[in-house]
Amino acid sequence: MSFELIADVRDLKRLMRVLGKIPGAMEKAVSRAINATLKGVRAEAVRMLRRDYRYKASDIRDMLRIASSTPSLLEGRVYGAGGYGIPMIK
């Protein structure tokens with residue numbers, strides 16, 4: 001899988017200047033961007049697993065957990081929840 005991302009650096013620099021003037025705004029914006037990315041990662045993981053296995057997307061999604069980012073902790077992760085997994089027969 002591949003993709004191309006094109007961004008205008010001038011827009012990013014201008015955004016950083018504006019957010020830098022508001023206390024806590026940069027951290028909040030970064031945290032929200034991380035969380036949006038985590039949701040996209042989980043969605044792509046569900047699509048990839050559905051290609052290989054015949055499980056319902058909701059069953060796969062329920063097994064994948066998101067540890068969200070906060071402005072004070074700028075990190076997050078998507079991980080498979082423990083337990084017995086997805087039953088073969090429902």
Side-chain angles (χ1 to χ4, degrees):
M1 171 202 310
S2 67
F3 62 92
E4 183 177 350
L5 175 65
I6 300 173
D8 188 348
V9 177
R10 292 173 295 184
D11 291 337
L12 183 58
K13 287 180 180 179
R14 187 173 54 214
L15 176 65
M16 289 176 65
R17 259 195 323 271
V18 169
L19 290 177
K21 295 177 184 177
I22 304 169
M26 183 68 78
E27 293 82 3
K28 195 175 210 180
V30 170
S31 177
R32 288 180 179 179
I34 290 170
N35 290 334
T37 301
L38 292 172
K39 288 179 186 177
V41 167
R42 181 174 64 178
E44 185 60 29
V46 169
R47 278 192 285 278
M48 291 173 66
L49 289 167
R50 291 252 316 138
R51 275 187 286 226
D52 296 335
Y53 303 101
R54 297 283 184 199
Y55 294 124
K56 291 187 340 185
S58 61
D59 290 339
I60 298 171
R61 197 175 305 105
D62 290 344
M63 294 299 295
L64 295 175
R65 302 278 187 237
I66 293 178
S68 297
S69 173
T70 64
S72 60
L73 182 64
L74 296 175
E75 62 182 49
R77 62 188 174 124
V78 176
Y79 61 96
Y84 296 106
I86 301 172
M88 298 297 284
I89 299 173
K90 277 194 165 186

Let me check something: do Val30 and Val41 share a hydrophobic cluster, defined by ILVMFWY side-chain heavy atoms less than 4.5 Å apart, either directly or through other members? yes
Under 3.5 Å donor-acceptor pairs involving side-chain atoms of residues 32-39, not counting sequence neighbours:
from  : atom 1 : to    : atom 2 : distance (Å)
Asn35 : OD1    : Ser69 : N      : 2.7
Asn35 : ND2    : Ser31 : O      : 3.3
Asn35 : ND2    : Ser69 : O      : 3.2
Thr37 : OG1    : Ala33 : O      : 2.8

Atom [atom1] of [X] and atom [atom2] of [Y]: how far apart are they, to the nearest 0.5 Å?
X     : Y     : atom1 : atom2 : answer
Ile66 : Arg61 : CD1   : CZ    : 10.5 Å
Asp59 : Arg54 : CG    : CZ    : 14.5 Å
Met63 : Tyr79 : CE    : OH    : 11.0 Å

Looking at residues at least two apart in the chain, or sitting in another chain, which of them share a side-chain contact (heavy atoms from CB on, under 4.5 Å) with Ser72?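 Expected list: Thr70.
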Only pairs under 3.5 Å count here: list side-chain donor-acceptor contacts from residues 13-28, not counting sequence neighbours, and write none if there are none.
from  : atom 1 : to    : atom 2 : distance (Å)
Arg14 : NH2    : Asp11 : OD1    : 2.8

With no hydrogens and no angle check, is any side-chain donor or acceptor of Arg65 less than 3.5 Å from a backbone partner on Asp62?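 Present.
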